[in-house]
Number of protein chains: 2
Amino acid sequence: MPVQQNTALLDDIELNTATSSILDELIGYSLKRAHIHVNKSLIGKLGEHDLRPSQFAALVVISESPGLTQADLGGQLLIEPPQVVTLLNKLEKLGLAMRVRCKPDKRSYGIFLSKTGEQVLGQLKTAARDTDLEGTANLSDDERVQLLALLKKLYRG
Amino acid sequence: MPVQQNTALLDDIELNTATSSILDELIGYSLKRAHIHVNKSLIGKLGEHDLRPSQFAALVVISESPGLTQADLGGQLLIEPPQVVTLLNKLEKLGLAMRVRCKPDKRSYGIFLSKTGEQVLGQLKTAARDTDLEGTANLSDDERVQLLALLKKLYRG
DNA sequence: TATTGTTATACTCTATAACTATA
DNA sequence: TATAGTTATAGAGTATAACAATA
């Protein structure tokens, strides 16, 4: 029979909405959706400072280990050396961080925050805590604690 | 005093390892780390079929709503129309899905899986379940159930 | 005039190979 | 020779504007 026979039927297909999908069984898929959901507000807030989430994370790590090398920073952020270069170029351009040739090994830099970087980071920490609460508004405080514990156990072992 | 005075000290900086970081307070950050952790094995497995996670998710959605439009698909996957085009071009090139002009509205397509697409999807579903378990091996079955419930509550409300 | 899908474009993220300067 | 950082490049993901065909 001709293919076009189904045209009328196909027009009135109802999309699955309630049916259970394999995607709903996969923790990986729900992690992605949840991450998108929570990060929306953070991205918006950081955007006011011309920063991305990874750049905020870098500021935090540098602040907690001033003088660390680019290799150290990449290791903590789980990014490759070329990404560290791009990231630091941006932070230096914004006047928030700097490379200093202060190591005996003249190939490497010590990475430090500027005074401005420390000040901005202070503001960003508060903003990040706020947006994280906003993005998880569907959870109670107890549920937030449970979720955080489960997530850390998941990826830290 | 001269800046270089600190050189010897800076050489022996110890990186923070145990100190608590604000990043560890943010659910958004832990979601990202957990997602990276769980998705590694899935990406590897899907790579054997020249597929990415988003393309696997598209196969699932199409299979569950055969004949849906590109706008429907993009809505379910939370991606924009141009991304749907790229995604479907890839699936058609692999012979897994196809656009069919079967709607009264001649501007739109109905999207369907091919026979091969259905068969491949069957294999991929099993593989996805396996790799999701592998990637969450640090959790017990109870903890997986709890985590999934918390994640869905988080992004679905 | 509005909508579906498409193209073009751009910016971010990610990853690898090749290069430099130091070690 | 090996390593720290850099450059070049390429692929994937994301987003917007502009366009064609159809409504």
Side-chain angles (χ1 to χ4, degrees), chain A residues 7 10-11 28-29 32-33 35-37 39-40 42-44 46-47 50-58 67-94 97-111, chain B residues 7 10-11 13 15 29 32-33 35-37 39-40 42-44 46-47 49-58 67-94 97-111:
Chain A
T7 299
L10 290 171
D11 182 34
Y29 191 76
K32 178 178 180 175
R33 300 292 285 240
H35 182 242
I36 291 173
H37 181 86
N39 252 39
K40 264 184 195 166
L42 179 64
I43 289 174
L46 291 177
D50 191 20
L51 287 173
R52 303 278 309 170
S54 63
Q55 294 157 356
F56 164 67
L68 83 175
T69 65
Q70 297 188 192
D72 295 330
L73 181 58
Q76 290 209 39
L77 296 177
L78 296 187
I79 60 178
E80 299 299 315
Q83 302 178 55
V84 177
V85 172
T86 306
L87 200 159
L88 280 178
N89 289 348
K90 178 64 182 290
L91 294 183
E92 282 195 328
K93 190 175 162 190
L94 292 173
M98 46 211 178
R99 298 165 166 99
V100 184
R101 284 269 194 227
C102 61
K103 305 274 192 181
D105 184 336
K106 297 296 188 210
R107 293 172 302 182
S108 64
Y109 297 96
I111 313 298
Chain B
T7 299
L10 290 170
D11 182 33
I13 279 173
L15 298 183
Y29 191 75
K32 178 177 179 176
R33 299 293 284 241
H35 182 242
I36 291 173
H37 181 86
N39 253 38
K40 264 184 195 165
L42 179 64
I43 289 174
L46 291 176
H49 299 262
D50 192 19
L51 287 173
R52 301 281 308 172
S54 64
Q55 294 157 356
F56 164 67
L68 82 174
T69 65
Q70 296 189 191
D72 295 330
L73 182 58
Q76 292 208 39
L77 296 177
L78 296 187
I79 60 178
E80 300 299 316
Q83 301 177 57
V84 178
V85 173
T86 307
L87 199 158
L88 280 178
N89 288 347
K90 178 64 182 290
L91 295 182
E92 282 196 328
K93 191 175 164 190
L94 292 174
M98 46 212 177
R99 297 163 166 102
V100 184
R101 283 269 194 228
C102 61
K103 306 274 192 181
D105 184 337
K106 298 294 187 212
R107 293 172 302 183
S108 63
Y109 298 97
I111 313 297

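First the proteins, then the strands, lettered A, B, ... as listed; each starts at 1.
Among the nucleotides D:dT14, C:dC13, D:dT6, the one closest to any side-chain atom of A:Ser54 is C:dC13. Looking at the side chain of A:Val85, the nearest of the listed nucleotides D:dA17, D:dG5, C:dA17 is D:dG5. Side chain of B:Thr69, nearest nucleotide from D:dG13, D:dT6, C:dG5: C:dG5. Listed nucleotides C:dG5, D:dG5, C:dA15 differ in distance to A:Pro82; the shortest reach to its side chain belongs to C:dA15. Of the listed nucleotides (C:dT6, C:dA21, D:dA8), C:dA21 has the atom at the smallest distance from the side chain of A:Arg107. The nucleotide whose nearest atom lies closest to any side-chain atom of B:Gln83 is, among D:dA17, D:dA4, D:dG13, D:dG13. The nucleotide whose nearest atom lies closest to any side-chain atom of A:Tyr109 is, among C:dA23, D:dT14, D:dT6, D:dT6. Of the candidates D:dA15, C:dG5, C:dA17, the closest approach to any side-chain atom of B:Glu80 belongs to D:dA15.
Nearest heavy-atom pair, B:Arg99 versus B:Leu88, reported as atom, atom and distance to 0.1 Å: NH2-CB, 3.6 Å. Closest approach of B:Leu87 and B:Ser54 over heavy atoms only: CD1-O, 4.0 Å.
Straight-line distance from the CG atom of B:Asn89 to the C1' atom of C:dT7: 11 Å, rounded to whole Å. The separation between A:Leu68 atom CG and D:dG5 atom P is 9 Å, rounded to whole Å. Across the protein-nucleic acid pair, A:Leu77 atom CG and C:dT12 atom P stand 17 Å apart, rounded to whole Å. Separating the CZ atom of B:Arg99 from the P atom of C:dG5 is a distance of 9 Å, rounded to the nearest angstrom. In this structure, the CG atom of B:Leu46 is 13 Å from the P atom of D:dA12, given to the nearest Å. Regarding B:Asp105, its CG atom lies at a distance of 14 Å from the C1' atom of D:dA20, rounded to whole Å. Rounding to whole angstrom units, CD1 of residue B:Ile36 and C1' of D:dA12 are separated by 15 Å. For the pair A:Lys40 NZ and D:dG13 C1', the computed distance is 15 Å after rounding to whole Å.
Proximity of a side-chain donor or acceptor of A:Arg101 to a complementary backbone N or O of A:Gly110 within less than 3.5 Å is not detected.
At a cut-off of 3.5 angstrom, counting only N and O atoms as typed in the model, there is no donor on one side facing an acceptor on the other between the side-chain of A:Arg52 and the base of C:dT12.
Each of A:Thr86 and B:Gly110 was assigned the nucleotide of DNA chain C with the nearest heavy atom; the assignment lying further toward the 5' end belongs to B:Gly110. Between A:Pro81 and A:Lys32, the residue anchored closer to the 5' end of DNA chain D is A:Pro81, taking for each the nucleotide with the nearest heavy atom.
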Original post:
salt bridge (Lys or Arg N to Asp or Glu O under 4.0 Å) between B:Lys103 and B:Asp105: does it pass, once the steps are laid out?
Top reply: CA-CA 5 Å; B:Lys103 306 274 192 181; B:Asp105 184 337; over 6 Å; no

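For the side-chain contact (heavy atoms from CB on, under 4.5 Å) criterion with B:Val84, the lone passing option out of B:Leu77, B:Leu73, B:Ile111 is B:Leu73.
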